[in-house]
Amino acid sequence: MCVCVSVLAVRNPIEIAKLPKWSCAIIRPPRDGGIRYRGLTQEQIRNVQILPVDYEIEYICRGNRVIVGPKVRKCLPNGTWTDITLHSRCRKYSLLYLQPTCKKKLYIGALFPMSGGWPGGQACLPSAQMALDLVNNRTDILPDYELELIYYDSMCDPGESTKLLYDLLYTEPIKTVLMPGCSSVSTLVAEAARMWNLIVLSYGSSSPALSNRNRFPTFFRTHPSATLHNPTRVRLFQKWKWTKIATIQQTTEVFTSTLDDLEQRVKEAGIEISVRQSFLTDPAVAVKNLKRQDARIIVGLFYETEARKVFCEVFKEKLYGKKYVWFLIGWYADNWFKIKDPSINCTIENMTEAVEGHVTTEIVMLNPETVRGASNLTSQEFLGALMNRLGGKNPEETGGFQEAPLAYDAVWALALALNKTVAPLKAKGRRLEDFNYNNHDITAEIYRALNTSSFEGVSGHVVFDAQGSRMAMTLIEQLQGGSYKKIGYYDSSQKNLSWFGNDVWIGAGPPADSTIVIEEFRYLSQKLFAAVSVFAGLGILLGIVCLTFNIYNSNVRYIQNSQPYLNNMTAVGCMMALAAVFPLGIDGHHIHRSQFTVVCQFRLWLLGLGFSLAYGSMFTKIWWVHNLFTKKEEKKEKRKHLEPWKLYATVGVLLAIDVLSLMIWQIVDPLHITVEKFTREAPKGDLDVLIQPLLEHCTSEKMNTWLGVVYGYKGLLLLLGIFLAYETKSVSTEKINDHRAVGMAIYNVAVLCIITAPVTMILTSQQDASFAFAALAIVFSVYITLVVLFVPKMRRLITRGEWQSEQQDTLKTGSSTNNNDEEKSRQLERENRELQKIIQEKEQRVSELRNQLVERQALRNRRRPSSGTNQNHSNPSPPSSQPDPKSLLPPPGYPNPADSKISRNHCHNSQIPLLYK
């Protein structure tokens, strides 16, 4: 162990050479003075030969003299004493050197956490003692007073601090000011201090809750509020374009209030806190929840000891690397993650790997400029003096080293404030030494002086806001390669970000705030669309050919008897239905989304009207055929005369129903674009992205209701059409000579529609299958309809040549011939009906005569046996000589001679004209 030699133990220079290599050299006592050995009795001093490291000695002067220079020195591990370059002398009392016995002491009660969650007292206590020494040696600051520090180790524990606060308050001497450290301890002390009229000046409290003047009316702090980190964090979120963050906090008031403030600020900035986790002692569950909920940008609020627990769990859950960024508090020791902690089971290598790349936001606690402040020291000179006072300890292993300038400036702020109160109190006839816990006036003067403080300290410009909090800039650092590097500053008052541009990332740049989701629209297969479009185009050409053929041959009797105008409507409807195939296949691949609504309207109207024209005209034919030719015999004569306008009116009614229903649909619930989202898909490769498939649909708010109405109405028409086609399959009529072909077309259209409609509703999420079913059903229905209706007519006219003879007759006689033929046809039909009535009357007469003949024949047969019996008695004859009357009747199928005779007498066959044409 490195040791120091007592001043009294070594008297001879020869003995100095015999000292160990790392022993301290002899320090001569000042002239007219001596050395006081703390904690040793006179007997121990006479017997001791060596002193341990960190042992302190104190200079004392004899008589009316005072120490000029360091009063206390400490043995350092390197074998020297602290402040060895500064000489200590005993001087006579003068205006420059005051006699210590004449100074009145003012006591400061302090709580320095030497251990616990934040062991900041390890560096803050020496820093405060160094400031007290300088203040007490100044003649222009509190010349009649000496500040003395009475301190305890709070261990950053509110429970322990309660006991220590009691000892400070109820143990002499009276304390003028209290100086706590941790936020949890400061909350306890500041809330109780008002009852004893005590000013509280904290050097290490960052809890936003302490800014509440109603709750803590006498509280000041040289450590800025933790909420000062939040504007910096929000600015960094905006810089790196993050809109979603997660938080994990230790459940203490300081972190809870800080997080509440952060939540309000990010909400104003349009940033979402997607995950919010907290823990009391064990962060394992909270870290697992962060992993499960895909947290990427994580703000951690906890003390240093809990930080090691958190990042041990982070390493286990692999919640680090190029996909993640952690934001931590910047006041941890620089090597906090390398300190061995028995409460975790992770190695230093594990911790180093887990914390790499994290970002810290830290209040600027050391003035970056070379400025001599109130203590006449620059920030670098202060650090040198502090390192000398710490005895060469590693700053990274010393808790509170970063906050040491704040403790130093806290003592100077208190000294300057107390110095400022001397004159006002003297004017009131009071003195600082008159302070007691019931004296409110002196407290008010100290409060007023602190509230107006403004000076340059080693931590920067010291000034307090209305809540007693320090105002300062924020330092931004990043852990790069195991050490912290400054990457920027942020001034929240000026909203100015000074960026160095030396930030380093594990990946190509700042990670995304969540898994990158790439929206990818699903479009129809262009090969499928092209193939179906070709078939639709050919179908439209076929429809044009059929329509042209029907119009060109409209004067041919065979075409006229097929109701050509209805066939024209069918052809037009088929072409409109085929035209609907093109908008069915058009999507965002072809047009802008803003134009997609128009395409939806085209789909609906073309398909609806095309179906109404094509199927409605065929349904009209089959309806009237069934209506006229399948009725009872007594009503048939009155309804066989079919007028064309009735056919057109039926089609018009069906078309009007569709137009009206579509108009109501579009007015009440118009179609619009909706986007369907599917399950996210992970692409191949180690990419932090997911593919979000999207599909555009034409829909309305009550789409299912409207489809139900339309499909129900159309379905009933299809079923009724099938029924009517079946009922009229054996009917033969020249007025609508193609009704059997119409029935066959209705069969095919109905089957395809009934199958396709529900299938397309099921396959709406599969754009290729849905389009294929719908488009091919339309194409096949149209092709079947056109081929069944028009191809047989073309074949008959071409093979039989009817179109040529009819056309030649038309060219010779003109249009009047057609009118005459129609009149003749009507006249012949009327004559035919009259002749049919005559024939029926004649047939009834013939039937009556036959009945009479049968009766007469039966009467004759009854008479013959009676006369034959008499003859047999007189003239018997062989039985075979009398033939049977029935045997005289002709065989079946041959005319009866008697009937022929009657017919010749009563019917004039020569007068019966030809009844049928």
Side-chain angles (χ1 to χ4, degrees), residues 232-249 259 262 266 269-279 283-302 307-330 337 346-347 349-361 476-485 487-488 499 501-520 679-693:
T232 306
R233 292 172 179 139
V234 173
R235 182 64 183 88
L236 292 178
F237 298 156
Q238 293 173 335
K239 172 180 173 56
W240 287 319
K241 298 179 181 179
W242 293 328
T243 59
K244 183 186 297 184
I245 65 170
T247 61
I248 178 173
Q249 64 154 123
L259 188 55
L262 176 64
V266 297
I271 300 172
E272 174 192 1
I273 298 181
S274 59
V275 185
R276 184 169 179 170
Q277 294 294 319
S278 61
F279 65 94
V285 176
V287 174
K288 289 180 180 178
N289 290 336
L290 291 176
K291 177 71 173 181
R292 187 176 65 254
Q293 299 184 41
D294 195 29
R296 299 301 181 89
I297 313 303
I298 309 169
V299 178
L301 301 175
F302 28 72
R308 286 188 282 271
K309 296 179 183 179
V310 168
F311 275 88
C312 183
E313 298 298 329
V314 166
F315 176 80
K316 296 175 183 177
E317 297 295 331
K318 303 300 179 184
L319 200 64
Y320 64 92
K322 64 180 181 179
K323 297 180 181 180
Y324 305 94
V325 178
W326 282 83
F327 281 79
L328 301 182
I329 303 169
F337 52 91
C346 294
T347 64
E349 291 75 15
N350 299 151
M351 297 292 291
T352 303
E353 181 181 353
V355 300
E356 179 64 23
H358 78 264
V359 178
T360 64
T361 53
I476 307 167
E477 292 183 319
Q478 186 183 36
L479 189 68
Q480 301 175 3
S483 61
Y484 287 99
K485 304 294 182 182
I487 59 176
W499 197 249
N502 60 340
D503 49 317
V504 177
W505 304 98
I506 300 176
D513 55 6
S514 59
T515 302
I516 299 176
V517 179
I518 301 176
E519 293 186 347
E520 187 176 278
T679 304
R680 294 176 180 177
E681 303 171 353
K684 296 181 180 179
D686 187 18
L687 300 176
D688 189 24
V689 297
L690 289 176
I691 303 299
Q692 175 65 75

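Keep in mind the model is a prediction, meaning the values are calculated, not measured.
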Heavy-atom side-chain contact between N289 and V275 under 4.5 Å: no
For a quick check under 3.5 Å, do R296 and T515 share a side-chain donor-acceptor pair by atom type? yes
Provide the closest heavy-atom pair for L328 versus R233 in the form atom of the first, atom of the second, distance. O-NH2, 4.5 Å
Would I245 and I271 count as a side-chain contact (heavy atoms from CB on, under 4.5 Å) here? Give the steps. CA-CA 8 Å; I245 65 170; I271 300 172; 4.2 Å; yes
Please check if the side chain of E353 supplies one atom and the backbone of G321 the other of a donor-acceptor pair under 3.5 Å. no
From T679 atom OG1 to Q692 atom CD, the distance as rounded to the nearest 0.5 Å: 8.5 Å
Which atom names give the shortest non-hydrogen contact between M351 and C312, and what distance separates them? SD-N, 3.7 Å
Rounding to 0.5 Å, atoms CD1 (I297) and OG1 (T243) come to a distance of 10.0 Å
Does atom NZ of K291 have more than 12 heavy-atom neighbours, drawn from other residues, nucleotides or ligands, at distances under 6.0 Å? yes
Closest non-hydrogen atom pair between A354 and V314, with its separation: CB-CG1, 4.5 Å
Residue pair R276 / L259, side-chain heavy-atom distance below 4.5 Å: yes
Any side-chain heavy-atom pair of T352 and T347 under 4.5 Å: no
Flag side-chain contact, heavy atom, 4.5 Å: D513 against F237: no
When you compare the side chain of C346 with that of E313, does any pair of heavy atoms fall below 4.5 Å? no
Over 12 non-hydrogen atoms of neighbours within 6.0 angstrom of NZ in K485: no
Using 30° and 60° as the class limits, which term best fits the ring planes of F327 and W242: parallel, tilted or perpendicular? perpendicular
Would you mind telling me which of W326, Y320, Y324 makes a ring pair (Phe, Tyr, Trp, His ring centres under 6.0 Å) with F311? W326
Roughly how far apart are Q249 CD and F279 CZ, rounded to 0.5 Å? 8.5 Å
Do D503 and Q478 have side-chain atoms, one donor and one acceptor, less than 3.5 Å apart? no
Any side-chain donor-acceptor pair under 3.5 Å between S514 and D294? no
For G330 versus T360, what's the shortest heavy-atom pair and its separation? CA-CB, 3.8 Å
Looking at F315 versus F337, is the centre-to-centre ring distance below 6.0 Å? no
Quick one: OG on S278 to CG on L301, what's the gap to the nearest 0.5 Å? 11.5 Å
Separation of I691 CD1 from E681 CD (nearest 0.5 Å): 7.5 Å
For the student: nearest non-hydrogen atoms of N502 and Q480, plus distance: O-NE2, 3.0 Å
Heavy-atom distance under 4.5 Å between the side chains of P511 and V325, does that happen here? yes
Minimum heavy-atom distance between L290 and A246, given as atom pair plus value: CD2-CB, 4.0 Å
Hey, can you tell me if W505 and W240 have their rings parallel, tilted or perpendicular (30° and 60° cut-offs)? perpendicular
Give, for atom CG of L319 and atom CD1 of I298, the distance between the pair rounded to the nearest 0.5 Å. 4.0 Å
So do I487 and E477 actually touch side chain to side chain, heavy atoms under 4.5 Å? no
Does any part of the side chain of V689, heavy atoms only, come nearer than 4.5 Å to the side chain of V517, both counted from C-beta? no
